[in-house]
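Note that the coordinates shown come from a computational prediction; the quantities given were computed from them, not determined experimentally.
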Number of protein chains: 2
Amino acid sequence: MGVVSIRDVATAAGVSIGTVSNVLNRPEKVADATVAKVRAAIDELGFIRNEAARQLRDGRSAAIGLVVLDVRNPYFTDVAHGVETAAAAAGLSVTLGNSDGDPARERRYLELFEQQRVQGVLISPADASLDRLRRLDERSIPVVLVDGVDPTGALDAVTVDDVAGGRMAAEHLLGLGRRRLLVVAGPATLSQVADRLAGVRAAIAAVPDASIEVVHLPQLTVTAGRELGRSLVARPASARPDAVFAVNDLLGLGVLQALVLERGTVRVPEDVAVIGYDDIEWAASAVVPLSSVRQPREQLGRTAIEALLARGAGGERAGAVRFAPELVARRSTTG
Amino acid sequence: MGVVSIRDVATAAGVSIGTVSNVLNRPEKVADATVAKVRAAIDELGFIRNEAARQLRDGRSAAIGLVVLDVRNPYFTDVAHGVETAAAAAGLSVTLGNSDGDPARERRYLELFEQQRVQGVLISPADASLDRLRRLDERSIPVVLVDGVDPTGALDAVTVDDVAGGRMAAEHLLGLGRRRLLVVAGPATLSQVADRLAGVRAAIAAVPDASIEVVHLPQLTVTAGRELGRSLVARPASARPDAVFAVNDLLGLGVLQALVLERGTVRVPEDVAVIGYDDIEWAASAVVPLSSVRQPREQLGRTAIEALLARGAGGERAGAVRFAPELVARRSTTG
DNA sequence: GTGCCGATATGAAACGATTCAACGATCTGC
DNA sequence: GCAGATCGTTGAATCGTTTCATATCGGCAC
């Protein structure tokens with residue numbers, strides 16, 4: 001007993017293949033008795049539609065692709081959750097790809113999705129060059145950037161204002177009297193990183209005696225943050241910043257952890273204030289609750305799907321939708 | 001310019017369809033000059049293989065399905081990471097489904113995967129009845145349970161010894177002199193929950209004056225744990241347990257957070273010791289570092305894929321592979 | 001009895017790739 | 001100059017579904 005096809009069902013029910021297909025897709029066009037016969041045959045044989053054949057026929061799949069920078073970052077799983085929920089409501093399934101920030105992996109997923117003829121791609125780009133994405137979009141696979149903008153405006157984008165977010169974080173620190181800022185950043189090629197940094201610089205520029213130091217880490221992870229934190233502890237006190245802005249919470253929590261673990265050496269926030277970005281669930285429950293800049297994550301995912309569907313349905317281009325971030329002050333800065 | 005097919009490439013390159021296919025799949029069988037011509041045509045036209053057609057032809061896709069109980073739980077993203085890495089090495093892609101512990105959602109994913117003719121399914125079952133999975137397995141879609149066992153032995157399973165893990169956690173608490181244990185559990189239908197609980201009961205039974213209270217929460221999340229923690233704080237001190245075992249770290253961290261936030265009322269671990277399960281990355285960096293029972297997550301994922309591939313390749317059934325958990329003691333129990 | 005209608009059911013074409021038997025061209029050795 | 005081997009290419013069949021033009025049938029009006 002190999003795999004059961006629609007043909008086997010037709011034979012068993014004593015009808016034609018076309019009728020079985022009608023029962024599957026337009027049962028109202030088929031006589032009740034026939035529907036019943038066919039349904040019985042389907043159950044008995046355990047027939048399961050072959051999705052590949054169906055796709056081949058109508059040219060595209062019922063799925064959309066989502067490529068995130070890091071599945072282990074709660075920020076992205078929250079966005080993914082929003083995406084999945086909205087997609088399911090539209091009868092679409094979501095294939096999740098994890099680029100780990102690697103343009104090569106990103107490219108593999110894009111190829112895979114294109115081969116699968118997905119109905120659209122949602123992506124937080126790891127590759128600063130958006131050429132490949134623009135080409136995909138032109139080849140009639142709508143692309144929506146999630147948390148990232150296309151300077152040329154060719155691609156739809158759903159973002160949170162990262163420049164404003166960076167500025168808010170910096171102004172918060174400066175407002176608390178901090179003057180020697182350290183920005184713990186990720187790869188400069190990520191637009192989020194570049195924008196948040198630009199926001200910080202703008203805020204700093206407005207305060208004459210404020211200074212800034214920037215470190216670019218290759219990875220936006222807790223481990224990377226912890227290592228950097230350790231190096232801060234190792235510095236003589238006079239060479240330490242009095243405030244740290246981490247471009248995401250993973251880094252921020254890592255830094256925090258390292259600072260606090262060396263008990264007594266560095267106090268948070270007395271000696272060094274720390275603020276992160278994203279306001280993931282863990283920020284609130286850290287050793288010292290971490291201040292952060294909150295993004296409307298699930299909404300981002302939902303809106304991205306809406307933009308995609310709008311494109312598919314007829315072309316209205318959403319353009320660049322931008323949400324506002326929100327500062328959440330906690331003990332790691334306010335004490 | 002609609003979508004480019006292999007036929008267009010053949011025409012453009014002045015060869016037959018079969019030859020283009022050969023260039024794609026067995027270039028060594030084709031004359032160098034022809035390969036070059038075809039490749040040029042492919043690039044020029046921007047041809048992308050239609051995966052649906054390929055699949056239809058050879059009967060199955062190059063993907064495997066993975067259904068987890070909760071994508072937002074770092075435990076599962078770590079397992080998923082292991083799975084994805086191992087699958088990629090075998091040239092397979094992974095479609096990730098999130099059941100959120102809901103049997104209905106689980107069922108939808110299984111149907112989807114079956115329609116897609118995946119090469120196999122890896123699953124942490126939400127539905128205690130494994131019938132559907134056994135049927136799937138019989139219909140020649142190999143199923144491997146990840147962190148769950150099939151009592152009938154019909155399904156392959158890769159697990160960590162949950163009974164032993166539960167016992168380790170309880171013995172650790174008892175060894176520290178605690179006697180009134182509260183077990184914060186999840187749905188009793190989850191085998192992991194049931195097994196860990198069984199381990200606890202076994203340990204308790206060996207200590208005459210030890211008592212145990214069990215609470216089953218509907219969700220294994222931080223939020224659920226926090227709520228329960230709050231209710232503990234509200235109890236009169238005499239009615240509080242002196243130790244809490246949470247069946248996963250999400251719950252444990254939630255409980256911890258609630259206890260610690262009400263400063264002064266309940267001290268951890270002096271008044272109440274807390275231990276979790278899984279040893280996710282966040283356990284170590286909690287307000288009070290959380291003791292936990294560690295599972296080899298990535299290895300679990302890798303081993304599951306190996307079992308799947310072995311089945312696919314020829315039938316050697318892996319049976320039930322079982323790893324040993326490991327106790328990680330931190331301040332939340334040892335002070 | 002003829003013609004027509006609506007309601008159902010049918011059968012063939014199409015989707016795009018893969019595979020394999022068969023074919024033609026070129027070469028080898030005698 | 002020919003049998004036989006080698007190499008590269010071709011064309012047709014095939015996978016399972018959907019769709020649509022066409023066929024069938026019973027009933028109804030005249």
Quiz item: Taking for each residue the nucleotide of DNA chain D bearing the nearest heavy atom, is the 5' side occupied by B:Asn22 or by A:Asn22?
Solution: B:Asn22
Quiz prompt | Residue whose nearest DNA chain D nucleotide is more 5′ - B:Gly14 or A:Ile48 | solution = B:Gly14
Quiz prompt | Between C:dG16 (P) and B:Asp8 (CG): distance, integer Å | solution = 8 Å
Self-check item: Distance test, side-chain N/O of B:Thr19 to OP1/OP2 of D:dT9, below 4.0 Å
Solution: no
Quiz item: Base, sugar-phosphate alone, or nothing: which one does A:Val30 contact when heavy atoms must sit under 4.0 Å apart?
Solution: sugar-phosphate
Quiz item: Got B:Val121 and B:Ile64 here, is their nearest side-chain heavy-atom distance under 4.5 Å?
Solution: no
Quiz prompt | A:Ile6 CD1 to C:dA12 C1', straight-line distance once rounded to whole Å | solution = 15 Å
Exercise. Show the numbers, then the answer: is there a salt bridge (charged side-chain N to carboxylate O under 4.0 Å, His left out) between B:Arg108 and B:Asp102?
Key: CA-CA 10 Å; B:Arg108 273 215 299 288; B:Asp102 177 358; over 6 Å; no
Self-check item: Separation of atom CD in A:Gln115 from atom P in C:dC15, rounded to whole Å
Solution: 20 Å
Quiz item: Base, sugar-phosphate alone, or nothing: which one does A:Val20 contact when heavy atoms must sit under 4.0 Å apart?
Solution: nothing
Quiz prompt | Integer-rounded Å distance: C:dA17 P and B:Arg54 CZ | solution = 10 Å
Exercise. For residues A:Val160 and A:Pro296, report the shortest heavy-atom separation together with the two atoms involved.
Key: CG2-CD, 3.7 Å
Quiz item: Would one find a side-chain N or O of B:Ser5 under 4.0 angstrom from OP1 or OP2 of C:dG16?
Solution: no
Self-check item: Nearest to side-chain heavy atoms of A:Leu56, which nucleotide of C:dG16, C:dG11, C:dT8
Solution: C:dG16
Quiz item: Under 4.0 Å: is that the gap between some side-chain N or O of A:Arg26 and OP1 or OP2 of D:dT19?
Solution: yes
Quiz prompt | Value in whole Å for how far the P atom of D:dT22 lies from NZ of A:Lys29 | solution = 18 Å
Exercise. Find the distance B:Leu24:CG to C:dT19:C1' and express it as a whole number of Å.
Key: 14 Å
Quiz prompt | Which atom of B:Thr77 lies closest to which atom of A:Val71, heavy atoms considered | solution = CG2-O, 3.7 Å
Quiz item: To the nearest Å, how far apart are A:Arg117 CZ and C:dC15 P?
Solution: 14 Å
Exercise. Could you tell me whether B:Asn25 contacts a base, only the sugar-phosphate backbone, or nothing, with contacts defined as non-hydrogen atoms closer than 4.0 Å?
Key: sugar-phosphate
Self-check item: Heavy-atom pair of closest approach, residues B:Val67 and B:Ser99
Solution: CG1-CB, 4.0 Å
Self-check item: Gap between atoms CG and C1', on A:Asp58 and C:dG16 respectively (whole Å)
Solution: 13 Å
Quiz item: Nearest of C:dT10, C:dA17, C:dT18 to any side-chain atom of B:Ala53?
Solution: C:dA17
Quiz item: Does B:Asn50 have a side-chain nitrogen or oxygen under 4.0 Å from the phosphate oxygens OP1 or OP2 of C:dA17?
Solution: no
Quiz item: Got more than 12 heavy atoms from elsewhere within 6.0 Å of CZ, B:Arg72?
Solution: yes
Quiz item: Taking OP1 and OP2 of C:dT19, is either one under 4.0 Å from a side-chain nitrogen or oxygen of B:Ser21?
Solution: no
Exercise. State whether B:Arg57 places a side-chain N or O below 4.0 Å from either non-bridging phosphate oxygen (OP1 or OP2) of D:dA13.
Key: no
